[in-house]
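Quick notes on the structure that follows.
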Number of protein chains: 2
Amino acid sequence: MFSKKTEYALRATIYIAKHSSEEKKLSIVDISKAINSPQSFTAKILQVLTKKKLIHSLPGPNGGFYITEPTLQAPISCIIDAMGENEALDKCVLGLKKCSTANPCPLHEQYKKVKFQLKEIFEEKSISKLAKELKNNKSLQY
Amino acid sequence: MFSKKTEYALRATIYIAKHSSEEKKLSIVDISKAINSPQSFTAKILQVLTKKKLIHSLPGPNGGFYITEPTLQAPISCIIDAMGENEALDKCVLGLKKCSTANPCPLHEQYKKVKFQLKEIFEEKSISKLAKELKNNKSLQY
DNA sequence: ATAATTAAGGACAAAAATATCTTTAATTAT
DNA sequence: ATAATTAAAGATATTTTTGTCCTTAATTAT
């Protein structure tokens, strides 16, 4: 569905949401270990999220990444958007440039319904809610 | 959703299904022009489909690609499979290696439903039926 | 048989995605 | 102030995807 970049972005954000606060920041080392993603690559991704103010960062001892209320209450679609992958949810399955009700590919109507549901999933629940649902007793196998 | 390779494979197959027969074969030039795909790249893709007997080909004058009943009656999931992209429909949204009901990512249950519907779409209608639904009066904008 | 036509096959090229490494800048603890 | 720690930034490397080109093989029309 999504690129690695977006997958890591989502995993990192959910992890940060679950484990960080302004008092307890998380280093890129910790984060990438926890979500099993390449460290430097993940650093780049978090740089983007930081620039877009979806997460925050502070260098230095006890520095790291953390997340604040506005993003905690936002849906994960904002992370997907930040990674530039929102269009993935608008594209035609067959890759037609102009596929619409007026000029549909043979899968248009059915696929449209699924895309709508997907969008709902990504816009429905807040990041904080998802983080809470994440069970960390049974550790997830990334 | 899918790679270019798979998109071209689907478009080409549907096009061949609509416009070819054993008596009227289509050249790779015609096909790639019609579906607006890079010719040589599309040739490689059709080679794969041909090897897997999903379509057929014959070299020489009046040669080209054509399709026969077994594939016409098959669902497009067989094309997706041939392109090795069936797994795309099984993967976890977050890219977790082992995401299951027993050990779910926070989106597992909702996403599972959507994946099920997607699979249904790709397994439901036959290629021939899809080809018939393709309106070619209003030319599709590939 | 020969020439023309078309797909098959192999080598190569370009672009995009994924990933790493090194240096710099910011912050903090001492 | 200094050293330690951490993210930011930039350059570079690797892999995968996407795409091209050229030669070979198969088929057909003449």
Side-chain angles (χ1 to χ4, degrees), chain A residues 1-13 16 20 22-67 80 83-85 87-88 91 95 142, chain B residues 1-13 16 20 22-67 80 83-85 87-88 91 95 142:
Chain A
M1 167 94 250
F2 294 124
S3 64
K4 292 278 178 195
K5 201 172 74 168
T6 300
E7 284 178 6
Y8 298 152
L10 291 170
R11 272 149 58 176
T13 304
I16 295 169
S20 88
E22 202 154 347
E23 294 77 46
K24 191 194 171 201
K25 304 186 190 72
L26 301 171
S27 76
I28 185 61
V29 178
D30 291 342
I31 295 165
S32 60
K33 267 183 193 158
I35 68 168
N36 190 31
S37 65
Q39 194 185 115
S40 298
F41 191 47
T42 307
K44 296 291 186 199
I45 291 163
L46 296 192
Q47 256 177 54
V48 173
L49 296 181
T50 302
K51 269 196 184 159
K52 303 210 172 180
K53 313 261 186 186
L54 290 168
I55 59 175
H56 302 278
S57 72
L58 212 65
N62 295 312
F65 296 92
Y66 61 101
I67 200 167
I80 296 164
M83 292 295 107
E85 212 152 11
E87 53 169 55
K91 271 190 59 188
Y142 289 97
Chain B
M1 168 93 248
F2 294 123
S3 65
K4 292 282 177 195
K5 201 172 73 167
T6 300
E7 283 178 6
Y8 299 152
L10 291 171
R11 271 149 58 176
T13 304
I16 294 168
S20 89
E22 202 153 348
E23 295 77 45
K24 191 193 171 203
K25 306 187 191 73
L26 301 171
S27 75
I28 184 64
V29 178
D30 292 343
I31 295 166
S32 61
K33 267 183 192 157
I35 68 168
N36 190 31
S37 65
Q39 196 187 114
S40 298
F41 191 45
T42 308
K44 296 291 183 197
I45 292 162
L46 295 192
Q47 256 178 56
V48 173
L49 296 181
T50 302
K51 267 195 187 161
K52 302 209 172 180
K53 313 259 187 184
L54 289 168
I55 58 176
H56 302 279
S57 73
L58 212 64
N62 295 312
F65 295 92
Y66 61 101
I67 199 166
I80 296 164
M83 293 294 107
E85 211 152 11
E87 51 169 58
K91 272 189 57 186
Y142 288 98

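We name chains A, B, ... by the order of the sequence lines, and we start the count at 1 in each one. All values reported here derive from a predicted model rather than from experimental measurement.
Looking at heavy atoms from C-beta onward, B:Glu85 lies in side-chain contact with B:Ser3 at the 4.5 angstrom threshold. Annotation: side chain of A:Ile31 is in contact with side chain of A:Leu46 (closest heavy-atom distance under 4.5 Å). Side-chain contact between A:Leu49 and A:Thr13: present, with at least one pair of heavy atoms (C-beta onward) separated by less than 4.5 Å. Residues B:Ile45 and B:Met83 are in side-chain contact: their nearest non-hydrogen atoms beyond the backbone lie under 4.5 Å apart. For the pair B:Leu10/B:Phe2, a side-chain contact is recorded, criterion being any heavy-atom separation below 4.5 Å from C-beta on.
In this structure, NZ of B:Lys52 is placed 15 Å from P of C:dA8, rounded to the nearest angstrom. The interatomic distance linking B:Leu49 (CG) with C:dG9 (C1') rounds to 16 Å, in whole Å. Atom NZ in B:Lys25 sits about 13 Å away from atom C1' in D:dA26, given to the nearest Å. To the nearest angstrom, C1' of C:dA17 lies 7 Å from CZ of A:Phe41. The distance between atom CD1 of B:Ile45 and atom P of D:dT17, rounded to the nearest whole Å, is 13 Å. Protein atom CZ of A:Arg11 is 12 Å distant from nucleotide atom P of C:dT18, rounded to whole Å. In this structure, B:Ile55 places its CD1 atom 13 Å from C1' of C:dA8, rounding to the nearest Å.
In this structure, C:dT30 forms a base pair with D:dA1, meeting either the Watson-Crick or the G-U wobble geometry with both donor-acceptor distances under 3.5 Å. Pair assignment for C:dT20: D:dA11, on the basis of Watson-Crick or G-U wobble contacts that are both within less than 3.5 Å. Judged by Watson-Crick or G-U wobble contacts below 3.5 Å, the nucleotide C:dA11 has D:dT20 as its partner.
Annotation for A:Glu7 and B:Gly95: closest pair OE1-CA, 3.3 Å, computed over non-hydrogen atoms.
Atom CD1 of A:Ile28 and atom OG of A:Ser37 lie 6.5 Å apart (nearest 0.5 Å).
Within the structure, ring-ring contact (aromatic ring centres under 6.0 Å, His included) contacts touching residues 33-60 of chain B (residues at least two apart or in different chains) are B:Tyr8-B:Phe41, B:His56-B:Tyr66.
Contact check of residues 2-10 of chain A against DNA chain C (heavy atom, cut-off under 4.0 Å) returns A:Ser3, A:Lys4, A:Lys5, A:Tyr8.
Side-chain atoms of B:Lys25 come within 3.5 Å of backbone N or O of B:Glu22 as a donor-acceptor pair.
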Strictly under 4.0 angstrom, non-hydrogen atoms only: write out the protein contact profile of nucleotides 5-15 of chain D, one letter per nucleotide from the 5' end, B, S or -.
BBSBBBB----
